[in-house]
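Encoded as structure tokens, the structure appears first; notes follow it.
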Amino acid sequence: MFQPKAEIIADSVNTTGDRLTTFVLTYHRMIHSEFMTHRMLSKNSSSSRAIPVEKMIKLVESQEVYPLHWGKNQKGMSAQTEVTEVEANLAREVWQEARNDAIRHAKRLVEIGIHKQVVNRLLEPFSTITVICSGTEYRNFFEQRCHPDAQPEIQNLAHKMKAAYDVSQPQQLSQGQWHLPLIKQDDIAEILDIDELVKISVGRCARVSYLNHDGVRSLADDIKLHDRLLSSKPAHLSPFEHVAIALSSSEKRANFTGFQSYRFDVERNQL
């Protein structure tokens with residue numbers, strides 16, 4: 001059965017102690033709307049609109065995405081107790097039946113000729129989503145989502161994020177140095193131009209992956225994707241938020257403290 005995953009892919013601190021941390025997260029698609037309510041965090045997510053239906057179905061079948069807690073019905077938003085083991089097993093069977101029905105109906109829509117951006121919506125409750133998340137303000141998120149009243153799936157995710165956050169040692173950055181998610185040491189050794197490394201980081205954040213969609217590391221493809229996002233009308237700038245430059249003070253720039261995102265700089269220069 002699927003369990004949420006949380007990994008820190010970049011962790012930086014400026015000279016005044018402000019910390020910018022970037023996670024790559026994979027969690028139950030059904031809690032994505034709750035995660036999106038935390039506006040102080042910059043987010044970029046994989047899209048079911050971009051996944052072929054056949055691949056989406058294989059993912060749904062292989063990941064076995066079930067609720068983590070079969071709460072007993074009661075008043076209020078939270079279930080305090082879980083049903084019996086017998087009832088939980090019956091609930092899993094019903095959930096699996098619903099999943100199989102969704103797959104069957106998705107295949108029928110494909111036969112009719114419906115686009116994947118519609119068909120895959122049927123499969124989302126039984127799927128996961130992968131998200132890159134960056135922020136300097138995680139305290140409120142942890143306080144709300146590690147709380148026992150939070151839905152178990154996002155509570156599980158938040159506990160894993162906090163555990164990773166608490167043990168991670170952020171890299172010290174001086175003023176003007178860059179926070180670059182998904183940039184590895186071999187990239188730095190191969191590419192000496194910081195502007196190109198910035199573009200590569202953006203391209204990878206846009207794909208939510210170190211590799212391109214063919215499973216290949218391609219620096220040229222990363223740069224091309226950055227350029228395409230920047231030149232598109234309108235520009236697609238959400239991946240530009242995860243790449244940021246360290247400030248010398250705790251000044252607030254958009255939703256970051258002590259760091260200025262690449263997106264902030266791009267939008268300011270476009271005015």
Quick one: does Q172's side chain have a donor or acceptor within less than 3.5 Å of a partner on N14's backbone?
yes
Below 4.0 angstrom, N of the basic side chain to O of the carboxylate: do E251 and R253 qualify?
yes
Which pair of heavy atoms, one from A150 and one from Q155, lies closest together, and at what distance?
O-NE2, 3.2 Å
For the ring pair F142 and Y165, is the centre-to-centre distance below 6.0 Å?
yes
Considering residues, nucleotides and ligands other than E85, do more than 12 of their heavy atoms fall under 6.0 Å from its CD?
no
For E143, is the CD atom crowded, meaning more than 12 foreign heavy atoms sit under 6.0 Å from it?
yes
For M1 and L68 the tightest heavy-atom approach is CE-CD2, 4.1 Å
Is there a side chain to side chain contact (heavy atoms under 4.5 Å, CB included) between I31 and F35? Walk through the geometry before answering.
CA-CA 6 Å; I31 61 166; F35 190 81; 5.8 Å; no
With a cutoff of under 4.5 Å between side-chain heavy atoms, which Ile, Leu, Val, Met, Phe, Trp and Tyr residues group with M40?
none
Are K252 and E137 ion-paired here, with the side-chain N under 4.0 Å from a carboxylate O?
yes
What's the separation between atom CZ in R49 and atom CE in M56, rounded to the nearest 0.5 Å?
13.0 Å
Is the ring pair W70/W95 parallel, tilted or perpendicular, if the boundaries are 30 and 60 degrees?
perpendicular
Between NE2 of H242 and CG of L182, what distance do you get to the nearest 0.5 Å?
9.5 Å
Is any side-chain heavy atom of F126 less than 4.5 Å from a side-chain heavy atom of I103?
no
Does this structure show an ion pair linking R268 with D265, if we count only N-O contacts that are shorter than 4.0 Å?
yes
My understanding is that only residues two or more places apart in sequence, or in another chain, count here; which of them pass side-chain hydrogen bond (donor to acceptor under 3.5 Å, both in side chains) with N100?
none
Do the side chains of E196 and K199 get close enough for a salt bridge, i.e. N-O under 4.0 angstrom?
no
Spell out, as yes or no, whether a donor-acceptor pair under 3.5 Å connects the side chain of R145 to the backbone of A158.
no
Closer than 3.5 angstrom, by distance alone: can the side chain of Q63 be matched with the main-chain N or O of F2 as a donor-acceptor pair?
no
For L41 and G135, which heavy atoms make the closest approach, and how far apart are they?
CD2-CA, 4.0 Å
Shared hydrophobic cluster, I9 / F259 (ILVMFWY, side-chain heavy atoms < 4.5 Å):
no
Which heavy atom of L229 sits nearest a heavy atom of P239, and at what distance?
CD1-CG, 4.0 Å
Would you say the side-chain atoms of H28 pair up with the backbone N or O of Y66, donor to acceptor, closer than 3.5 Å?
yes
Test: D221 and R207 ion pair at under 4.0 Å
no
Do H38 and Y138 get their side chains close enough for a donor-acceptor pair, meaning under 3.5 Å?
no
Would you say I129 and I132 are hydrophobically clustered, going by side-chain heavy atoms of ILVMFWY under 4.5 Å?
no
Counting only N and O atoms by type, is there a donor-acceptor contact under 3.5 Å from the side chain of T37 to the main-chain atoms of E34?
yes
Strictly distance-based, threshold 3.5 Å: is any side-chain N or O of S201 a donor or acceptor partner for the main-chain N or O of P181?
yes
Are F23 and V208 linked, directly or through other ILVMFWY residues, by side chains that come within less than 4.5 angstrom of each other?
no
Minimum heavy-atom distance between G71 and A79, given as atom pair plus value
CA-CB, 3.5 Å
Would you mind listing every ring pair (Phe, Tyr, Trp, His ring centres under 6.0 Å) that reaches into residues 177-199, with sequence neighbours excluded?
none
Whether the side chain of S168 engages the backbone of A164 through a donor-acceptor N/O pair (distance < 3.5 Å, no angle test) should be reported.
no
Sequence neighbours excluded, the answer for side-chain hydrogen bond (donor to acceptor under 3.5 Å, both in side chains) partners of E124 is R29, S48, R121
Derivation of the side chain to side chain donor-acceptor pair (under 3.5 Å) call for D18 and T257
CA-CA 7 Å; D18 303 301; T257 300; 5.7 Å; no
Find out if a path of hydrophobic residues (ILVMFWY) with successive side-chain heavy-atom gaps under 4.5 Å connects L173 to I245.
no
Using a strict cut-off of less than 4.0 Å between a Lys/Arg side-chain nitrogen and an Asp/Glu carboxylate oxygen, indicate whether R104 and D101 qualify as a salt bridge.
yes
State which residues pass side-chain hydrogen bond (donor to acceptor under 3.5 Å, both in side chains) with K160; sequence neighbours excluded, sorted by chain then number.
N156
Taking the side chain as everything from C-beta on, heavy atoms only, tell me whether Q80 gets closer than 4.5 Å to D149.
yes
Path from I57 to I112 over hydrophobic side-chain contacts below 4.5 Å
yes
Does H115 reach the main-chain N or O of Q117 with its side chain, forming a donor-acceptor pair under 3.5 Å?
yes
Listed by chain and number, what are the side-chain hydrogen bond (donor to acceptor under 3.5 Å, both in side chains) partners of Q177, not counting sequence neighbours?
none
Show the nearest heavy-atom pair for residues T136 and N255, with the distance to one decimal.
OG1-O, 3.9 Å
So, applying side-chain contact (heavy atoms from CB on, under 4.5 Å) with L180, which one of D187, I194, I188 is it?
I194
